[in-house]
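To keep things clear, I will list the structure first and then write my remarks on it.
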Amino acid sequence: MRILIFDSLSRKKQEFIPIDANKVRIYACGPTVYDYAHIGNARMAVVTDLLVRVLKKKYKKVLFVSNITDIDDKIINESEKLKIPFKELTDKFSKIYNKEMSSLNVNTPDIQPKATEHIDEMILMIEKLIKNKCAYVMNNHVMFNVKSYKHYGTLSRRTLEEQLEGSRIEIADYKKNAGDFILWKPSKDQQPGWNSPWGRGRPGWHIECSAMSKKCLDTPFDIHCGGVDLTFPHHENEIAQSCSAIEPNSEPEHFSKYWFHNGFVTLNGEKMSKSVGNIQLVNDLLNKYSGETIRLSLLSAHYRQPLNWTKDILEQSKKTLLRIHKNYEKIKVNDFEAFDIKKNEFYIEFLESLFDDLNTPRALSIIGKNLNHVTTKNQEDKQKIAHATFEALNLLGLYSNNKRNIHFDDSLIEKLINERNVARKLKNFARADEIRQNLKKKNIEIEDTKEGTVWTKLK
RNA sequence: GGUGCGGUGGCGGAGAGGCUACGCACCGGCCUGCAAAGCCGUGUACACCGGUUCGAAUCCGGUCCGCACCUCCA
């Protein structure tokens, strides 16, 4: 079965053919850790996590690297504001980030390199760029000369002239061209800094990804991921640096073969921004919704489409999840071992839709379609559907077997349910309804079925 | 101004020349002490204007509208 992915560099849906089928290599630009993660960070993490999960269905070995940016001006500003060392801030929020992402069933990347632990690699790459005459030193800054790279603009489809037209920035005195960007900048005494051939300073934003992807994956690697907004300037600059460090004017493909960009999460149709104050933090959402509900909401639209984040989307996902789990659990499962998932037509159809550029809405519709009318289907199909659903939910990261919350006392619930059933037999329906109401208050929903009363924890 | 993405039924959201997904909501029915779930059934679509075609939501041209990027951003 072929895997298709949309490649932003060629702007086409392409068949994914790894450089080395024995070792697929992916890099994703990770978070800058100075605050809680927002839902947009989560979308990128969930989508790339799914991409990796899907690739693992076909390829035995997939190496996934996603960095942590732990040195940056935003970090410096925030640590100064809080009067704490920057390291304390970044340690705190990288831990929080990983914890939150794991609540969303995002697997930790195989390697999660930190910028501050790769300063040497960055310095070496900058030296190489200077040697290749693609970078220059001016006023204690090391700058990349965008005019030195003839493929500059290939990814974002804009020429140097075009981007300067709309540019709202003045040309700083340390730049030769308006588009030139910082590789290394000086740090003031009280600011974090590292010794370098150009004095005590710190790296620019883009160089870390070039240095770390080279170190952890080697170039060229297969897929480079990130949010669409990173296309320009971040990814464009990464290409320029990484390729120029290999050899001046080497092709963008010498860095990464495919480029994978996820769309934005919007709020009321607009991008989240701190100034507007419409940031949705994962942390806050997790107080009200389960990680799976949030994850499903993020996967309910195709990854390249904009996703408008509303309360409705969460409520709907919550319902959908509940329905899927309930229906799934109603099927009496024999033994999955007796069935070959690779020959399960329900599962194959599901997998095909994910292999087609991660079409999650279609994949989800297939789960729903299979589960529909499942009670009327024959025993063999029921088993197959149960098996397919189990595998599908696992792949999507939506399966949770700790649905029954440990904070609740199962025996108490059972006791109340028994009491209610006694009341029902005695036709004391007032008492029966009262018990149901009480359970509802504890977020326990009950259903009377032919097999008896079953209960579900709502979250 | 430049670059890109998009406008699908009440809502969410796939599809991409003929088979008109899927979910939620609505409506009718079965079932039920009542619920819920389930089952059976019904309805409402492809921004607009032209063109190509036997046939267009899907292709081509134009128009309008929305969003993003060009400044830190997932």
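Lettering follows sequence order; numbering is per chain, from 1.
Not a single donor-acceptor pair under 3.5 Å links the side chain of A/S242 to the backbone N or O of A/I239. Here the side chain of A/N177 pairs no donor or acceptor atom with the backbone of A/D180 at under 3.5 angstrom.
Looking at heavy-atom distances under 4.0 Å, A/K427 makes no contact with the nucleic acid at all. Residue A/T320 is in sugar-phosphate contact alone, with no base atom involved, counting any heavy-atom pair closer than 4.0 Å across all strands shown. Within 4.0 Å (heavy atoms only), A/G40 reaches at least one base atom of the nucleic acid.
Stem list for RNA chain B (at least 3 consecutive Watson-Crick or G-U pairs, distances under 3.5 Å): B:1-7 with B:64-70, B:10-12 with B:22-24, B:27-30 with B:38-41, B:47-51 with B:59-63.
Between A/D357 and A/Y303, the side chains place a donor N or O and an acceptor N or O closer than 3.5 Å (distance only, hydrogens not considered). For the residue pair A/S94 / A/D70, no side-chain donor-acceptor distance below 3.5 Å is found, with atom types taken as modelled. Looking at A/N67 and A/E208, their side chains do bring a donor and an acceptor atom within 3.5 Å of each other.
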What's touching nucleotides 4-13 of chain B from the protein side, N or O pairs under 3.5 Å?
none

Below 3.5 Å between N/O atoms, which protein atoms pair up with nucleotides 34-40 of chain B? Just atom names and distances, please.
| from | atom 1 | to | atom 2 | distance (Å) |
| --- | --- | --- | --- | --- |
| B/C34 | O2 | A/R436 | NH2 | 2.4 |
| B/C34 | N3 | A/R436 | NH1 | 3.2 |
| B/C34 | N4 | A/D448 | OD2 | 2.8 |
| B/A35 | N6 | A/D448 | O | 3.3 |
| B/A35 | N1 | A/D448 | N | 3.0 |
| B/A35 | N3 | A/R436 | NH1 | 3.0 |
| B/A37 | O2' | A/K330 | NZ | 2.4 |
| B/G38 | O2' | A/T375 | OG1 | 3.3 |
| B/C39 | OP1 | A/H373 | N | 2.3 |
| B/C39 | OP1 | A/H373 | ND1 | 3.3 |
| B/C40 | OP2 | A/H373 | ND1 | 2.8 |

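The CG atom of A/N370 sits 17 Å away from the P atom of B/A21 (whole-angstrom rounding). In this structure, the NZ atom of A/K319 is 8 Å from the P atom of B/C26, given to the nearest Å. A straight line from CZ of A/F429 to P of B/U32 spans 13 Å, rounded to a whole angstrom.
Proximity of the aromatic rings of A/F255 and A/F221 is defined here by a centroid distance below 6.0 angstrom, and this criterion is met.
In terms of heavy atoms, A/S79 sits closest to A/P85 at CB-C, 4.2 Å. Here the shortest heavy-atom pairing between A/V65 and A/C216 reads CG2-CB, 3.8 Å.
Phosphate contact (OP1/OP2 of B/G23, side-chain N/O of A/K369, threshold under 4.0 Å): absent.
Listed nucleotides B/A74, B/A14, B/C70 differ in distance to A/T32; the shortest reach to its side chain belongs to B/A74.
Of the two residues near RNA chain B, A/V265 and A/S365, the one whose nearest nucleotide lies more 5' is A/S365.
In the interface, the side chain of A/H261 is not paired with the base of B/A74 through any donor and acceptor atom under 3.5 Å apart.
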